Amino acid sequence: MLTKRPRGTNDFLPEDTGKWQYVEALLRELCHEFGYEEIRTPIFEETELFLRGVGDTTDIVQKEMYTFEDAGGRSVTLRPENTASAVRAYVENKLAARPQPTKLYYIGPMFRYERPQAGRFRQFHQFGVECFGAASPAADAEIIALAWEFYQRLGLKGLELNINSVGCPECRPAYRQALQDFLRPNLDKLCDSCRERFEKNPLRILDCKNPECQRYLAGAPTTLDALCDDCRKHFAAVCRYLDAINIPYKINTRLVRGLDYYTNTAFEILLDDIGAQSAVCGGGRYNRLVEELGGKPTPGVGFALGMERVFNALAAQQIELPAERGVDVFVAALDNGAAAEAFRLATELRRRGIAAAQDVMGRSLKAQFKYADKFAAAYTLIVGGEELSRGTVQLRDMAAGEQREIPLAEAVAYLAAKFA
Ligand code: ATP
Ligand code: MG
């Protein structure tokens with residue numbers, strides 16, 4: 001057990017973390033371009049926050065939370081998602097008092113007790129954005145544009161944006177009723193979870209993956225048919241904004257978020273070639289969530305995307321991310337007598353912002369050269385021997401295979417001009 005990580009978790013090794021850093025840097029750059037700023041909330045919160053914020057009829061709350069009692073007897077939960085925490089932080093830190101909207105993003109680990117399988121882990125990572133305080137359809141379109149742009153910049157193909165509207169507290173009750181009336185004659189033929197959802201959360205029946213249930217949904221009324229005037233206008237405007245920036249979308253009337261605080265837009269981005277798990281991004285508007293969690297009524301819209309699924313998709317489509325850069329210089333010591341001077345020189349280079357690798361294993365010069373290959377250094381400095389007494393070093397340009405003797409200070413200045 002000591003040498004085995006928990007089921008459903010990953011170790012990301014240096015060959016992986018370079019890619020993660022690249023993708024994270026891209027996300028941060030995009031957020032900067034779109035005017036979103038980072039928020040970092042605790043990895044655990046009081047359990048109550050997720051019961052209320054995620055909803056007690058969801059899979060997450062019913063089966064997937066890592067909940068435990070801490071030594072003080074409080075029930076706490078490792079965050080299964082970040083929206084509830086972002087809302088809490090928005091209310092607790094009175095962000096509504098700042099110029100609105102508040103546009104936030106997060107990247108970090110989430111925890112769900114699920115059956116591990118391809119693309120599904122118990123500790124996984126999400127990037128997401130939340131925009132509080134803007135009710136306009138432009139805010140919905142803006143976050144969709146951000147998510148879409150991200151996948152485009154990575155060069156992923158085969159993306160499909162699905163979009164729908166689930167209405168609002170004005171128009172949803174009548175729709176709920178109409179859907180229940182439609183399904184009631186076949187209620188006993190629906191799957192167990194759908195029968196359970198029928199009273200509490202009937203909209204969720206629409207996205208049940210069970211083919212039997214889908215059969216009884218044929219011809220069911222859609223949320224779009226039932227939208228009130230405001231919701232219809234909102235949805236049309238979101239579509240218009242997407243048209244204006246040439247983002248293709250499919251209206252999918254089966255795409256829903258079942259809980260009361262979700263309003264208007266629901267969307268998902270699907271990828272067709274990463275196996276069973278095709279949803280790579282999900283989001284929508286939640287105009288009632290801030291209120292549900294104790295804040296003033298505040299519109300909100302956001303999405304979350306799964307980072308591991310991004311890497312799966314990149315691998316499946318054989319997309320290579322730009323290579324990591326190697327170190328700038330490898331500093332080799334000719335012999336033990338030169339080790340201290342090589343060490344001093346490597347440190348001086350680093351103090352000037354030059355990435356300098358060195359041996360710390362007491363290797364022979366030959367072994368140091370072999371070791372240096374691993375760093376893909378552009379230059380090698382060889383310190384020691386007569387050169388040292390002359391105040392010079394050997395500077396080797398690795399690509400050109402050329403080596404020359406130059407004064408130490410000149411070597412440092414030369415490398416600083418190139419790399420610092
Ligand atoms: P699914 O239907 O696949 O369970 P979900 O509705 O639970 O997805 P969300 O809560 O909307 O997913 O999370 C947004 C994104 O986070 C998903 O689209 C997916 O990319 C990713 N994600 C969710 N759960 C996991 C997990 N256990 N492992 C890896 N990625 C996940
Ligand atoms: Mg899930």
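Predicted model only: the values in this text are computed from it and were never measured. Worth knowing before you read on, the calculation uses all heavy atoms, side chains too, and leaves out hydrogens, waters and symmetry mates. FYI, the numbering just counts along the sequence from 1. All ligand and atom numbering here is 1-based and tracks the order in the structure.
Residues Thr47 and Thr77 have side chains that bring a donor and an acceptor to within less than 3.5 angstrom of each other. Using modelled atom types, one finds a donor on one side chain and an acceptor on the other under 3.5 Å when comparing Arg254 with Gln214. With hydrogens and angles left out, the side-chain atoms of Glu308 and Asn312 include no donor and acceptor closer than 3.5 Å. In this model, a donor atom of one side chain and an acceptor atom of the other lie less than 3.5 Å apart for Asp243 and Tyr249.
Contacts with ligand 1 closer than 4.0 Å are made by no heavy atom of Met110, backbone or side chain. Contacts of Val280 with ligand 1, taken as heavy-atom pairs under 4.0 Å, involve the backbone alone. By the criterion of a heavy-atom distance under 4.0 Å, neither the backbone nor the side chain of Glu308 is placed next to ligand 1.
Across Tyr113, Phe303, Phe111, Phe124, heavy-atom proximity to atom 25 (C) of ligand 1 is greatest for Phe124. Nearest-residue assignment for atom 10 (O) of ligand 1 (options Gln126, Met307, Arg115, Arg112; heavy-atom criterion): Arg112.
For ligand 1, the atoms lying closer than 4.0 Å to a non-hydrogen atom of Gly306 are 15 (C), 16 (O), 20 (O), 21 (C). Within the listing of ligand 1, atoms 28 (N), 29 (C), 30 (N) sit less than 4.0 angstrom from a heavy atom of Gly119. With ligand atoms numbered from 1 in the order given, ligand 1 contributes 24 (N), 25 (C), 26 (C), 27 (N) to contacts under 4.0 Å with heavy atoms of Glu114. Against a heavy-atom cut-off of under 4.0 Å, Ala279 is close to the following atoms of ligand 1: 18 (O), 19 (C), 20 (O). Atoms of ligand 1 lying under 4.0 Å from at least one heavy atom of Ala304, given by number and element, are 14 (C), 15 (C).
A salt bridge is defined here as a Lys NZ or Arg NE, NH1 or NH2 lying under 4.0 Å from an Asp or Glu carboxylate O, and Glu292 with Arg52 meets this definition.
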Going through the checks in order, is the side-chain contact (heavy atoms from CB on, under 4.5 Å) test met by Val238 and Ile163? CA-CA 10 Å; Val238 173; Ile163 174 168; 3.7 Å; yes

Does Phe12 form a ring-ring contact (aromatic ring centres under 6.0 Å, His included) with His125? I'd like the steps, not just the answer. CA-CA 12 Å; Phe12 297 107; His125 299 75; 5.8 Å; yes

Show, in sequence, the C-alpha distance, side-chain angles and deciding distance for Asp272 and Ser278, and conclude whether the side-chain hydrogen bond (donor to acceptor under 3.5 Å, both in side chains) test is met. CA-CA 6 Å; Asp272 55 21; Ser278 66; over 6 Å; no

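Under a 4.0 Å heavy-atom criterion, Glu81 is not in contact with ligand 1.
In terms of polar-atom proximity, Arg257 is not counted as a contact of ligand 1, lacking any N or O under 3.5 Å from an N or O of the ligand. At least one N or O atom of Phe121, backbone or side chain, sits closer than 3.5 Å to an N or O atom of ligand 1.
When each of Arg28, Lys103, Arg153 is checked for a salt bridge (charged side-chain N to carboxylate O under 4.0 Å, His left out) with Glu33, only Arg153 meets the rule.
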